[in-house]
Amino acid sequence: MAQPYERVNTDANEESLRMVSSQPIGNEPVSDEELRPHVLDGFIGQPQLKAQLRLFLDAARKRETPPDHILLAGPPGLGKTTLAMIVANELEVPIRITSGPAIQHAGDLASILSSLEPGEVLFVDEVHRLPRAAEELLYIAMEDFRVDVMVGKGPGASSIPLTLPRFTMIGATTREGMLPSPLRARFGFTAHLDFYPHEELEKLVERSAGVLGLELGQDAAHELALRSRGTPRIANRLLRRVRDWVIVHDLPRAEAEDVRQALALYQIDEEGLDRLDIAVLNAIVRNFQGGPVGLNTLAAMVGEESETVETVCEPYLVREGFLIRTPKGRVAMPKAWQHLGMRPNEDDVNKSF
Ligand code: ADP
């Protein structure tokens, strides 16, 4: 069965402090567990991926051999760990969970590999962050189910080949482009997880509310989905904050207005933008008439590190069409002006490009 998992927060530490962060915060790796579906049918959305995976697993079951290795790629919080656990559960095999940054030496990986049971799933999160030596060891393990164990040190050292049982490696990555091609080539099944549309997030929120014993009134799930940035982890987190609101106010259920009020308290608006996102848009629109404005200037205006603005705010703002990155700097799009209740001046817009 799945073991509790200490997640290494990888990219931006500031990110982990935000309610709308797609990384886990606080004790979430533990509280996430109760909301994880355990079977493929319980996994919401991603219909094509689910159909492919269903076929892939059914075939492995019929062949009575462990399936090929699986690569799950996509932004944080979209269900990669959940899918890995579902695969193990559906195949009724144990799962071992680790991550690229947790493996510091090739020896760490060798000892995990040499203790795997036949058919076991080995899940390596952030697999693009494995140290080089471990990566090379993994190539042989994945392809030949063998690991060369080094005995002794210096000139007298020798390597003893150790045969491994057939296992299924599941690698997860938020940066597929950083995976070396020999590693990528060793996965027989690659799935790309994408952000979830609102309708799927609504279903997800309804399912999670059921698990948490929280009743949702009409449109409450819709209001939550709008604010969840296409990300199940964020949807579940916001749902828990709405549950706090319901408990504290002694309400029989959460209505849409409760969702609005509870999340307004956390300064999360109806597009899922928080205080920092709004500060960035305000700086570009109000202080620079829509831009272009350089990243460092922008970061200084909102009192944040450039990296935080670039890795934490911008991807969502760009994806949702609030701003674009141009060689001259960041430019606010009409949607950003509208969101701030303003209208762009035609001259300003033309000047920006
Ligand atoms: P990742 O590994 O991609 O960062 P996780 O698998 O840890 O994401 O998912 C984060 C949270 O979102 C978990 O609590 C999980 O239960 C939930 N979740 C993610 N995707 C789905 C889904 N498709 N259906 C139901 N819950 C999901």
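Positions are given from 1 along the sequence. Computed over heavy atoms, backbone and side chain alike; hydrogens, waters and symmetry mates excluded. Just so you know, ligand 1 is whichever comes first in the structure, and atom 1 is the first atom listed for that ligand.
At a heavy-atom distance under 4.0 Å, only backbone atoms of L78 (N, CA, C or O) approach ligand 1. Neither the backbone nor the side chain of L83 comes within contact range of ligand 1; no heavy atom lies under 4.0 Å. For L72, no heavy-atom contact with ligand 1 is shorter than 4.0 Å.
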With side chain to side chain contact (heavy atoms under 4.5 Å, CB included) as the test, would you mind laying out the steps for L273 and V20 before giving the verdict? CA-CA 8 Å; L273 305 193; V20 291; over 6 Å; no
I'd like to know whether Y196 forms a side chain to side chain contact (heavy atoms under 4.5 Å, CB included) with Q46, so could you lay out the CA-CA distance, the side-chain angles of the two residues, the decisive distance to 0.1 Å, and finally the verdict. CA-CA 8 Å; Y196 291 62; Q46 313 276 353; 3.1 Å; yes
Just do the salt bridge (charged side-chain N to carboxylate O under 4.0 Å, His left out) check on E135 and R132 with the steps written out, would you? CA-CA 5 Å; E135 217 173 73; R132 186 102 184 90; 3.0 Å; yes
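Residue M169 is tested with D68, L138, L113, L71 for a side chain to side chain contact (heavy atoms under 4.5 Å, CB included); the sole match is L138.
Between R36 and ligand 1, an N or O atom pair is found at a separation short of 3.5 Å. The N/O atoms of G45, backbone and side chain alike, include none that comes under 3.5 Å of an N/O atom in ligand 1.
Using cut-offs of 30° and 60° on the angle between ring planes, the pair H198 and H222 is perpendicular. The aromatic rings of F322 and H339 lie perpendicular to each other, with more than 60° between the two planes, well past the 30° mark.
Under a 4.0 Å heavy-atom criterion, P37 is in contact with ligand 1. Residue contact annotation: G77 has a non-hydrogen atom under 4.0 Å from ligand 1.
Of all atoms in ligand 1, listed by their number and element, those nearer than 4.0 Å to a heavy atom of L35 are 16 (O). Atoms of ligand 1 found under 4.0 Å from any heavy atom of L204, numbered from 1 in the order shown, are 21 (C), 22 (C), 24 (N), 25 (C), 26 (N), 27 (C). Remark: ligand 1 atoms within the under-4.0 Å shell around heavy atoms of N236 are 12 (O), 14 (O), 17 (C).
Aromatic rings of H69 and F145 (six-membered ring for Trp) have centroids within the 6.0 Å cut-off, being under it.
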